[in-house]
Amino acid sequence: MRHIETVSQFIEWASQFNDGHYLFRGVSKSSYKIEASAYRRLITNKTAARLLEVNRGLINDARGRGHDQKNGQQLSDLELLAELQHFGAATCLIDFTRSAQVALWFACQQSSTKEETNGKVFAVYSDIIARFKIITPGLLKKDIDHFFQPANDGIYPLYQWEPKLQNNRIIAQHSVFVFGGAQIEAEEECIIAQSSKREILKSLSELSDITEATMYPDFDGFARLHAHNQPYIEPDARDYFSRGIKVHQREELDNAIAYYTVVIELDFDANLVTQSYIHRGLAYQRKGEFKHAIDDFTSLIEIGYNDTIRTDGYGYRGSVHRQKGEFDYAIRDFGKAIELNPNHITALYDRAMIYMREENRVLAVKDFREVVQLHVGSLNPTAQYYHGIAWLSLGEWENARRDLTSAKDRGIGIAVRFQDDYGSVADFQSSRGMPEDLIEMLTPQQ
């Protein structure tokens with residue numbers, strides 16, 4: 001039996017199931033068998049007849065209490081069992097999934113006994129006609145006894161059912177119910193190492209967005225996952241960083257800052273700490289708390305363990321100074337970033353924009369030229385527009401014409417942008433004798 005310690009090992013194991021349709025089931029304890037929760041409750045006399053009796057009794061009790069109505073309709077026996085199982089009752093229905101990775105996620109959960117154990121994933125081949133029957137709308141209305149009758153050969157069939165009116169949890173888990181009087185044997189099984197469960201769960205979250213929240217998207221499932229009898233797993237630095245990113249993307253800046261602060265204080269991983277300084281600084285900048293942003297980017301420079309980190313620190317800090325109107329400080333920081341990385345396009349672009357503002361056209365042209373050249377095969381149209389404006393201010397008409405035409409062809413509304421930036425052509429270049437075609441190009445059409 002294959003022992004799995006990583007998601008890539010699991011994918012390799014699951015790739016063998018390419019000769020038809022398979023169902024997968026993940027269990028948190030490797031000693032578990034494929035059996036219904038109602039079957040596990042039986043201490044003795046574990047037979048198909050006894051399983052039927054237990055489920056028949058459950059159905060009758062539920063109907064007697066009026067629990068068989070939903071949305072004004074009476075539920076069939078199977079529909080009632082599915083509803084009961086959804087809320088935690090033990091039934092004859094066994095949850096499978098068509099997704100191997102979803103089964104892996106379930107195998108990595110903590111055992112209900114809170115014992116640290118290996119997990120297991122089963123793979124069951126479902127394309128055997130003599131073995132599996134599909135629940136049709138007609139069969140759905142049959143009472144539970146119908147599904148526990150042996151065939152002519154004395155063998156109990158198995159049934160697979162994908163409820164037509166699926167709730168969010170069934171959809172998220174790619175769920176299929178399997179049930180009947182027969183025991184279910186797997187074609188293959190693999191063991192999930194207990195020591196690797198946490199790392200596998202992290203990988204599934206990062207690579208496939210398979211998490212508690214996505215597997216149990218309904219309110220009831222979420223609440224049960226956080227019940228008193230469920231183990232609490234302390235988040236680590238990666239968890240807090242991931243939470244910070246998510247709330248940051250929702251513009252919940254104070255919450256994002258709080259999460260990034262926890263990562264920095266835990267000081268668990270140098271890369272996570274530097275990324276948290278960057279993201280916290282950006283959140284502060286977004287809030288307009290420039291001093292805190294500058295402090296974070298300064299810390300990034302001071303703790304930077306390589307040139308890339310220090311370059312980022314100078315670049316981000318320069319952008320804050322620029323936003324504050326502290327242009328001398330911004331030029332200094334952008335210059336430091338460019339010294340460390342001559343190909344730092346953002347620093348070159350931002351410094352060029354400051355030079356343009358201060359009418360230092362020669363230096364602006366030099367920086368814009370670098371920006372344009374660095375975008376080999378994919379020129380930045382905005383940078384090309386400003387490059388053209390810099391050439392324009394120097395009276396280099398041919399160069400200006402080339403860059404402005406290219407920027408216009410690539411979607412930049414150069415006339416409107418020019419008017420927003422500089423007003424009229426006459427205000428910008430009243431005494432330089434600009435060619436008529438450039439004047440026309442930069443004059444908005446009425």
Side-chain heavy atoms of [X] within contact of [Y], under 4.5 Å:
{"X": "Thr443", "Y": "Glu440", "result": "no"}
{"X": "Val365", "Y": "Arg369", "result": "yes"}
{"X": "Arg322", "Y": "Met353", "result": "yes"}
{"X": "Gln73", "Y": "Gln69", "result": "no"}
{"X": "Arg280", "Y": "Thr261", "result": "yes"}
{"X": "Leu140", "Y": "Thr136", "result": "no"}
{"X": "Phe10", "Y": "Val121", "result": "yes"}
{"X": "Ile257", "Y": "His292", "result": "no"}

Exercise for the section: May I ask you to decide if Gln275's main-chain N or O and His279's side chain share a donor-acceptor pair within less than 3.5 Å? Expected result: yes
Practice task
May I ask you to decide if Arg401's main-chain N or O and Thr405's side chain share a donor-acceptor pair within less than 3.5 Å?
Solution key: yes
Salt-bridge test for [X] and [Y]: reply yes if a basic N is under 4.0 Å from a carboxylate O, no otherwise.
{"X": "Glu12", "Y": "Arg2", "answer": "yes"}
{"X": "Asp239", "Y": "Arg198", "answer": "yes"}
{"X": "Glu251", "Y": "Arg286", "answer": "yes"}
{"X": "Glu326", "Y": "Lys324", "answer": "yes"}
{"X": "Arg25", "Y": "Asp95", "answer": "no"}
{"X": "Asp333", "Y": "Lys336", "answer": "no"}
{"X": "Lys287", "Y": "Asp254", "answer": "yes"}
{"X": "Arg169", "Y": "Glu212", "answer": "no"}
{"X": "Lys141", "Y": "Asp77", "answer": "no"}
{"X": "Lys202", "Y": "Glu199", "answer": "no"}

Exercise for the section: Take Gln173 and Tyr216 through the side-chain contact (heavy atoms from CB on, under 4.5 Å) test and state the conclusion after the steps. Expected result: CA-CA 8 Å; Gln173 296 176 10; Tyr216 292 93; 3.7 Å; yes
Exercise: identify the closest heavy-atom pair between [X] and [Y]:
{"X": "Gln160", "Y": "Ser126", "value": "NE2-O, 3.6 Å"}
{"X": "Gly315", "Y": "Phe334", "value": "O-CE2, 3.5 Å"}
{"X": "Thr311", "Y": "Ala337", "value": "CG2-O, 3.7 Å"}
{"X": "Met215", "Y": "Ala172", "value": "CE-O, 3.4 Å"}
{"X": "Ala123", "Y": "Phe17", "value": "CB-CZ, 3.5 Å"}
{"X": "Ala330", "Y": "Gly318", "value": "CB-O, 3.5 Å"}

Between [X] and [Y], do the side chains contain an N or O donor and an N or O acceptor separated by less than 3.5 Å?
{"X": "Ser406", "Y": "Gln384", "answer": "yes"}
{"X": "Ser99", "Y": "Thr97", "answer": "no"}
{"X": "His21", "Y": "Tyr125", "answer": "no"}
{"X": "Thr117", "Y": "Gln194", "answer": "no"}

Supply the atom-to-atom distance [X] [atom1] to [Y] [atom2], rounded to the nearest 0.5 angstrom.
{"X": "Lys197", "Y": "Gln110", "atom1": "NZ", "atom2": "CD", "answer": "6.5 Å"}
{"X": "Glu35", "Y": "Arg40", "atom1": "CD", "atom2": "CZ", "answer": "6.0 Å"}
{"X": "Ile11", "Y": "Leu104", "atom1": "CD1", "atom2": "CG", "answer": "7.5 Å"}
{"X": "Met441", "Y": "Lys408", "atom1": "CE", "atom2": "NZ", "answer": "6.0 Å"}
{"X": "Ile278", "Y": "Ile309", "atom1": "CD1", "atom2": "CD1", "answer": "5.5 Å"}
{"X": "Asp367", "Y": "Ile345", "atom1": "CG", "atom2": "CD1", "answer": "12.5 Å"}

Practice task
Check the pair Asp295, Lys291 against salt bridge (charged side-chain N to carboxylate O under 4.0 Å, His left out), reporting the backbone distance first and the verdict last.
Solution key: CA-CA 6 Å; Asp295 288 344; Lys291 182 183 183 304; 3.1 Å; yes
Between [X] and [Y], how do the two ring planes meet: parallel, tilted or perpendicular, split at 30° and 60°?
{"X": "His387", "Y": "Phe368", "result": "tilted"}
{"X": "Tyr159", "Y": "Phe179", "result": "parallel"}
{"X": "Trp13", "Y": "Phe24", "result": "perpendicular"}
{"X": "Phe297", "Y": "Tyr316", "result": "parallel"}
{"X": "Phe241", "Y": "Tyr260", "result": "tilted"}
{"X": "Phe177", "Y": "Trp161", "result": "tilted"}

Problem - Candidate pair Gln109 and Ser28, rule side chain to side chain donor-acceptor pair (under 3.5 Å), full reasoning - result: CA-CA 5 Å; Gln109 301 308 300; Ser28 60; over 6 Å; no
So does [X] have more than 12 non-hydrogen atoms from other groups sitting under 6.0 Å from [atom1]?
{"X": "Arg357", "atom1": "CZ", "answer": "no"}
{"X": "Glu185", "atom1": "CD", "answer": "no"}
{"X": "Gln323", "atom1": "CD", "answer": "yes"}
{"X": "Ile129", "atom1": "CD1", "answer": "no"}
{"X": "Tyr329", "atom1": "OH", "answer": "no"}

Practice task
Apply the test side-chain contact (heavy atoms from CB on, under 4.5 Å) to residues Arg317 and Arg332: give CA-CA distance (whole Å), side-chain angles for both, the deciding distance (0.1 Å), then the verdict.
Solution key: CA-CA 10 Å; Arg317 192 172 71 177; Arg332 180 199 63 192; 3.8 Å; yes
Exercise for the section: Could you please spell out the steps behind the salt bridge (charged side-chain N to carboxylate O under 4.0 Å, His left out) verdict for Glu162 and Arg98? Expected result: CA-CA 11 Å; Glu162 295 181 65; Arg98 295 198 181 280; 2.9 Å; yes
Practice task
For side-chain contact (heavy atoms from CB on, under 4.5 Å), just list the numbers for Leu272 and Tyr277, CA-CA rounded to whole Å, side-chain angles, deciding distance to a tenth of an Å, and then say yes or no.
Solution key: CA-CA 9 Å; Leu272 283 177; Tyr277 271 119; over 6 Å; no
Problem - Asp312 and its side-chain contact (heavy atoms from CB on, under 4.5 Å) partner, picked from Leu300, Asp307, Thr346, Leu340 - result: Leu300
Handout entry: Axial cation check for Tyr240 ring with Arg243, 6.0 Å and 45° limits
Key = yes
Practice task
Would you sort out whether Leu404 and Tyr385 count as a side-chain contact (heavy atoms from CB on, under 4.5 Å), showing the intermediate values?
Solution key: CA-CA 5 Å; Leu404 291 172; Tyr385 161 77; 3.7 Å; yes
